[in-house]
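See below for the structure under consideration.
Index from 1, following the sequence.
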Amino acid sequence: MAITDKNKSTVERLKDLCALYEADILTKEEMEAEKAEILGKAGANDKTNGQDNMPDTDISECDPAEDNPSQDIADAQNAADDNEEQEPAETTAKNVLSRKTAIIAAAVVAVVIIIVVAAGKCGGTDDDAAEKKVALTTDIELADVLSENAADSGFQSETHRAIDGASDVTTSVAEFFAIPEVANAVQNEYGIDYFNFLKGIVSSCKNTYLDFEKNSDGDGSVTSYTFSTVLDAEDHWLLDATYDAQADNLQLSLSSDGNVVTPEGRFALADGSKWKLDFEKDEFGDPIQEKAFVYVEGEADAFSTHMKMAIPLNDESHIIFYYDLPISDMYDHHALSIKIKDKTDDSVYEISDGKAFRDHYVLTEKDSRYIRQLCDSNPSGSFSIRFDITDYDLFLGSEKNYTIVNFDNGMAYGAGNAIAHYSKRAFTVN
C-alpha cells in the first residue's frame, strides 16, 4: 500500500516522503521501497502518455560511473530532433510547439528519475542516514527548478493549447464553447448554471465565427486572446471574452442591453449607479412588496426642496416625481408646470397632461419615454427639472414660486440597468 498520496505529482510525493523520513517516521528500507514505487509509477505514466523519447533507466543496475544525466537529456533532445526532421513539410507551428513541450517534459522527468535513483542506490553508504536525507532533499529541489525551467521554455496549459488552436482556424461560437477545456474553464470560473445558460444561447450560433485578437510580449509570445461577438441581435446578447495566457484565466462578460449577467443569474448593477430600491408603504408604514420601485434623488437649489424620480417595477411605462415643493398652505389651489432642460444641447422639453398631486406627479407614457431616454443615453449626461408653482385663491389672489432640481454628471444614468438588476433574472441557480 502506498505511503504517500497517489493523487499528487511525483515531485510532491517525493517531498512528502522526505518529510516522513526526516521525522524518523519511516525507516530507510520503507523510504527506499516507497521511492521505488513512486518512480516506477512516474515511468509508467510517461510511457502511457507517449513519452517514447525518455531515456531508459534500470533501477536494479544503477552505476554512477555510467549514468550521465546531461547526456540522457541530450539523447532525448537529439532523438526528438531526428523525429522532427522526418515530419511532413506541412506540419504546423503549433504541432512543433507541442512536440517541444513533450521533449522538455520528458527531459525533466528523466533527470528527476536519474538523479533520485542515483542518490538512493549508488550515492553514499547504506548506514549513513543523514547523507541519504540530504541527497533526497537536493533531488526534490533540483526537480522543482527543472520544472520551472520547462514552464519558462514555452509550456502551455490544456486550456491555453485549446484556445490557441481555436484561434488558428475558423471557429464558430458554438464550436468554441463545445471544446472540453474551454467548457471546464467556464464552469470552474462561473459555475455550471452559468455555463448551461451560455450554452443555450450559443448553441444557435453555428454560423457566428470568432475573430480573435492576440496580444504578444516583447519576445513574440502570445500573452492574451480576446474576442467580442453578438450572440443574439434580437435579444441584444453580447459576449466579450479575454483569456490571460500567463494567468491561465478565462474571463467572460455576457450582457443584454448592456446589463452584465452574474454567476448567480442576476444582472449586475452598474458601477457608480445612484439608483436604489424602495417600496410604497401601507397605513402602518410597512413596505408593500408588490409595489416596489427604483428611484434616484436629484440635487435641489433650495434647501427645503426634496425630489426623487421613481419608476414602479410593476409599471415601467410611467415615471413618478415624488417631491416636497415650496407650496404655500395659505392658498386653496395650486398649479404646477414642469420643464426639463437637456444640458447636452440646451433643449427644453415641457411636461404636459400628467396627474399632479400634493406630494407627487405621475407622468404620461410619452413624457416618461423622454425621461428614460435622458437617463439611459449618456453616462455623463446632465439635465435639470424646473417646477413652476402657482398658489392662488379667490380672495388672496395668487403667488408664484419655482424650484430647480439638477441631475448632473450622469447622476440619473442607468434607469434600465437598475430595473433589470432589482426585478429580473437571466437564469435561476439550481
Side-chain angles (χ1 to χ4, degrees), residues 50 87-102 154-217 220-268 416-417 420 424-430:
E87 290 289 329
E90 64 269 20
T91 301
T92 64
K94 183 173 65 178
N95 291 334
V96 174
L97 177 58
S98 298
R99 289 198 304 276
K100 288 184 177 180
T101 303
F155 172 76
Q156 292 180 333
S157 69
E158 293 181 355
T159 305
H160 188 177
R161 288 195 296 271
I163 293 178
D164 186 62
S167 69
D168 287 340
V169 297
T170 301
T171 305
S172 70
V173 182
E175 291 171 337
F176 180 76
F177 287 101
I179 298 173
E181 293 81 1
V182 174
N184 289 335
V186 175
Q187 292 180 51
N188 290 338
E189 185 72 20
Y190 299 97
I192 184 64
D193 295 298
Y194 183 99
F195 174 73
N196 287 337
F197 177 73
L198 174 63
K199 186 171 64 173
I201 296 176
V202 304
S203 61
S204 61
C205 301
K206 297 179 180 179
N207 295 322
T208 302
Y209 297 97
L210 301 177
D211 183 13
F212 288 88
E213 179 180 342
K214 299 181 181 181
N215 300 306
S216 304
D217 57 19
S221 300
V222 178
T223 57
S224 66
Y225 304 75
T226 61
F227 68 79
S228 179
T229 184
V230 176
L231 300 179
D232 190 329
E234 182 176 348
D235 292 332
H236 307 288
W237 284 108
L238 177 67
L239 178 65
D240 295 303
T242 299
Y243 174 71
D244 186 334
Q246 295 176 326
D248 190 24
N249 178 257
L250 178 62
Q251 291 291 318
L252 302 179
S253 176
L254 178 64
S255 61
S256 175
D257 287 326
N259 302 313
V260 179
V261 179
T262 69
E264 296 77 24
R266 297 187 177 278
F267 293 99
N417 169 250
K424 303 181 187 302
R425 295 188 68 99
F427 61 88
T428 302
V429 177
N430 294 323

Review point. For the side chain of E189 and the backbone of V186, is there at least one donor-acceptor N/O pair under 3.5 Å apart?
Key: no
Review point. Judged by atom type as modelled, is there a donor-acceptor pair below 3.5 Å linking the side chain of R266 to the main-chain atoms of R425?
Key: no
Exercise for review: Could you check T262, V260, L231, D240 and say which one makes a side-chain contact (heavy atoms from CB on, under 4.5 Å) with L254?
Suggested key: L231
Review point. So, does N417 use its side chain to make a donor-acceptor pair with the main chain of A268 at under 3.5 Å?
Key: yes
Practice item. May I ask you to check whether F195 and F177 place their ring centres under 6.0 Å from each other? Key: no
Point to revise | Exercise: identify the closest heavy-atom pair between S167 and Y225 | key: OG-CE2, 3.6 Å
**Study point:** Residues L198, L252; criterion side-chain contact (heavy atoms from CB on, under 4.5 Å); working and verdict
**Key:** CA-CA 10 Å; L198 174 63; L252 302 179; 3.8 Å; yes
Review point. Between the main-chain N or O of S255 and the side-chain N or O of N259, is there a donor-acceptor pair closer than 3.5 Å?
Key: no
Practice item. Give, for atom OG of S157 and atom CD of Q246, the distance between the pair rounded to the nearest 0.5 Å. Key: 12.0 Å
Review point. Roughly how far, to the nearest 0.5 Å, is CZ of F267 from CG of D257?
Key: 8.5 Å
Review point. Which residues satisfy the salt bridge (charged side-chain N to carboxylate O under 4.0 Å, His left out) test with K199, sequence neighbours excluded?
Key: none
Revision key, fill the gap. Applying salt bridge (charged side-chain N to carboxylate O under 4.0 Å, His left out) to K214 and not counting sequence neighbours gives D168
Check your understanding: Picking from L238, L239, V173, what satisfies side-chain contact (heavy atoms from CB on, under 4.5 Å) with V230?
Key -> L238
Review point. Looking just at side-chain N and O atoms, do N215 and T223 make a donor-acceptor pair shorter than 3.5 Å?
Key: no
Exercise for review: Please assess D248 against Y243 for the test side chain to side chain donor-acceptor pair (under 3.5 Å), listing each intermediate value before the final yes or no.
Suggested key: CA-CA 7 Å; D248 190 24; Y243 174 71; 2.5 Å; yes
**Study point:** Interatomic distance, L210 atom CG to I163 atom CD1 [nearest 0.5 angstrom]
**Key:** 10.5 Å
Practice item. Output, in order, the C-alpha distance, side-chain angles, deciding distance and verdict of side-chain contact (heavy atoms from CB on, under 4.5 Å) for D211 and F227. Key: CA-CA 6 Å; D211 183 13; F227 68 79; 5.9 Å; no
Review point. Hey, does the side chain of D164 reach the backbone of H160 with a donor-acceptor pair shorter than 3.5 angstrom?
Key: no
Review point. Between Q251 and Y190, is a side chain to side chain donor-acceptor pair (under 3.5 Å) present by the stated rule, with each step listed?
Key: CA-CA 9 Å; Q251 291 291 318; Y190 299 97; 3.2 Å; yes
Practice item. Give a yes or no answer on whether the side chain of D217 reaches the backbone of S221 with a donor-acceptor pair at less than 3.5 Å. Key: yes
Point to revise | S172 side chain vs T208 backbone, donor-acceptor pair below 3.5 Å | key: no
Check your understanding: Aromatic ring centroids of F212 and F176 under 6.0 Å?
Key -> yes
